[in-house]
There are 2 protein chains.
Amino acid sequence: MIRIIIAEDQSLLRGALASLLSLEDDIEVVAQASDGAEALTLVEQHTPDVLLTDIEMPHASGIDVARKLKESQSPTKVMIVTTFARPGYLERARSAGVLGYVLKDAPSESLADSLRKVASGQLVIERGLAEAAWASPDPLSDREREILRLAEQGQSNKKIAQQLYLSAGTVRNYLAEATQKLGASNRIEAARIARENGWL
Amino acid sequence: MIRIIIAEDQSLLRGALASLLSLEDDIEVVAQASDGAEALTLVEQHTPDVLLTDIEMPHASGIDVARKLKESQSPTKVMIVTTFARPGYLERARSAGVLGYVLKDAPSESLADSLRKVASGQLVIERGLAEAAWASPDPLSDREREILRLAEQGQSNKKIAQQLYLSAGTVRNYLAEATQKLGASNRIEAARIARENGWL
DNA sequence: AATAGCGGGTGACAGATGTCACCTTGCTAG
DNA sequence: CTAGCAAGGTGACATCTGTCACCCGCTATT
């Protein structure tokens, strides 16, 4: 019997997945979480075989949860289910010790199979994704990422500088580097490209 | 027996919803579509009682489909299931003759009930949403919307002007109006606000 | 016929952003 | 010890963006 916990913020999908997987004879859904923090607590309480989790959730992302579980050497394996085929996400998931990475685009029939593979310790990566990650590694430094995130909100150089205790000129320089690295022609395009690749 | 068609581009959710609803005694899922165009064709073929559809899908949005069904005076009722509680979406859905508007955040148990209400001709709107739409009507003109959409991609005034056969100055003026209307301090923030409200 | 409104446009100016060259400081690997 | 590199910074300049006042032509209204 494979004991799992499902973490997903959209109740509708969470409930539907739980019902669907409960129909399998060898799978038992022992708990459900609607955000990252709750997922972590529940995993610590129940130590299930697998945590099936979304990435983008309130409080802590699925990747954050995976990282913490890895740090605490939890035996629970982590499988990510997400909307986004972003290279950056996959890369971060891998380094957080995640075993499975499947898309919400995948057929629902294959989910249980993937889950069984992950439970047995196998690596399951959505086909096509691995190459994408290899082809485009994250070019941004932490500072650039941080500043780009603020610029994306529409904040001016001055405001960003204040928040990070930098000078406005330095902020300009970082943004210039970032836009150049990303092949963009201004901060807006740079932010868009970075976000589409999961680097923000 | 309520005959329904499900249109949703994420296979995982689509499959899960289909299984879940098929478990109900009085509901029959007669077909599934993965994009707007397919949904329209299938509805015309099967004329189900209800079309359960997402908004953001390839080819045609759920709202587009609803509008076309209304125009062709189809007897099929439309129920939207979406991630986004955006006032603009609700408003457009309403004018496209949509009867139900529920969020993917809603508990999965309530879905079948809402579906039954819509099938019987009742209006089902996620609570709290109606007031939001009333409180913030779309302030943008079509031109402003169009230009804001291009600006959001990071295009310069000049490029936008070329694409729309306008002068760069006029583009500036439209963007200025839009940012003012939205209470933003620049185009980036304006685009963000508009998008969050479903006006783009 | 006068007028108001709207889409589109122009020109001028201030401030923000992008580009570039170059400086300082601190750390680190040879 | 020191050369090299990275983070942070400065200043100058060109271009882009935001703000404002005002113009034209068309259409609907009175």
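This one's a predicted model, so the numbers in the text were calculated from it and none came from an experiment.
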K.L.:
Please report, rounded to the nearest Å, how far the P atom of dC6(C) is from the CD atom of E144(B).
P.N.:
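It is 11 Å, rounded to the nearest whole Å.
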
K.L.:
Find the distance E189(A):CD to dT17(C):C1' and express it as a whole number of Å.
P.N.:
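Distance, rounded to whole Å: 15 Å.
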
K.L.:
The criterion is side-chain contact (heavy atoms from CB on, under 4.5 Å); which residues satisfy it with T83(A), sequence neighbours excluded?
P.N.:
K104(A), Q10(B)

K.L.:
Could you state the CD1-P distance from I147(A) to dA16(C), rounded to the nearest angstrom?
P.N.:
17 Å

K.L.:
Quick test of your reading of the model: are R67(A) and E71(A) salt-bridged, counting only N-O distances below 4.0 Å?
P.N.:
no

K.L.:
Quickly work out the Y174(B) OH to dT19(D) P distance and round it to whole Å.
P.N.:
17 Å

K.L.:
Please report, rounded to the nearest Å, how far the C1' atom of dG7(C) is from the CG atom of L164(B).
P.N.:
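Rounded to the whole Å, the gap is 14 Å.
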
K.L.:
Per the atom types in the model, does the base of dT19(D) pair as donor or acceptor with the side chain of R172(B) at under 3.5 Å?
P.N.:
yes

K.L.:
Nearest-Å distance, CZ (R187(B)) to C1' (dG18(D))?
P.N.:
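Taking atom C1' of dG18(D) as the reference, CZ of R187(B) is at 9 Å.
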
K.L.:
Verify the contact: side-chain N or O of T170(B) to OP1 or OP2 of dG9(C), cut-off strictly under 4.0 Å; return yes or no.
P.N.:
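So the side chain of T170(B) is within the cut-off, an N or O lying under 4.0 Å from OP1 or OP2 of dG9(C).
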
K.L.:
Taking the nucleotide of DNA chain C with the closest heavy atom to each, which residue, N186(A) or Y165(B), is nearer the 5' end?
P.N.:
Y165(B)

K.L.:
Distance check: side-chain N/O of N157(A) vs OP1/OP2 of dT17(C), anything under 4.0 Å?
P.N.:
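For dT17(C), OP1/OP2 do have a side-chain N/O of N157(A) under 4.0 Å.
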
K.L.:
With a 4.0 Å cut-off on heavy atoms, is L175(B) in touch with a base, just the backbone sugar-phosphate, or nothing at all?
P.N.:
nothing

K.L.:
At under 4.0 Å between heavy atoms, what does S167(A) touch on the DNA or RNA strands: base, sugar-phosphate, or nothing?
P.N.:
sugar-phosphate

K.L.:
Sort out for me which residue in V50(B), L51(B), D49(B), T53(B) forms a side chain to side chain contact (heavy atoms under 4.5 Å, CB included) with I5(B).
P.N.:
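Of the listed options, the one satisfying the test is L51(B).
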
K.L.:
Is a salt bridge present between E146(B) and R143(B), judged by a nitrogen-to-oxygen distance below 4.0 Å?
P.N.:
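Salt bridge between E146(B) and R143(B), a charged N being under 4.0 Å from a carboxylate O: yes.
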
K.L.:
Measuring from the side chain of N173(B) (C-beta onward, heavy atoms only), which nucleotide among dA16(C), dG9(C), dG9(D) has the closest atom?
P.N.:
dG9(C)

K.L.:
Let me know the distance between CD of E177(B) and C1' of dG5(C), rounded to the nearest Å.
P.N.:
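That distance rounds to 13 Å.
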
K.L.:
Taking only side-chain nitrogens and oxygens of R143(B), does any of them come within less than 4.0 Å of OP1 or OP2 of dG8(C)?
P.N.:
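Result: yes.
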
K.L.:
Take the protein atom CD of Q155(A) and the nucleotide atom C1' of dT17(C), then report the distance between them rounded to whole Å.
P.N.:
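In whole Å, dT17(C) C1' lies 15 Å from Q155(A) CD.
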
K.L.:
Heavy atoms from C-beta onward define the side chain here; which of dC16(D), dA12(D), dG8(C) lies closest to that of K158(B)?
P.N.:
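Output: dC16(D).
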
K.L.:
Same cluster or not: L103(A) versus L20(A), using hydrophobic residues (I, L, V, M, F, W, Y) connected whenever any side-chain heavy atoms lie under 4.5 Å apart?
P.N.:
no

K.L.:
What's the closest nucleotide to the side chain of T179(A) if the choices are dT17(D), dG8(D), dT19(C)?
P.N.:
dT19(C)

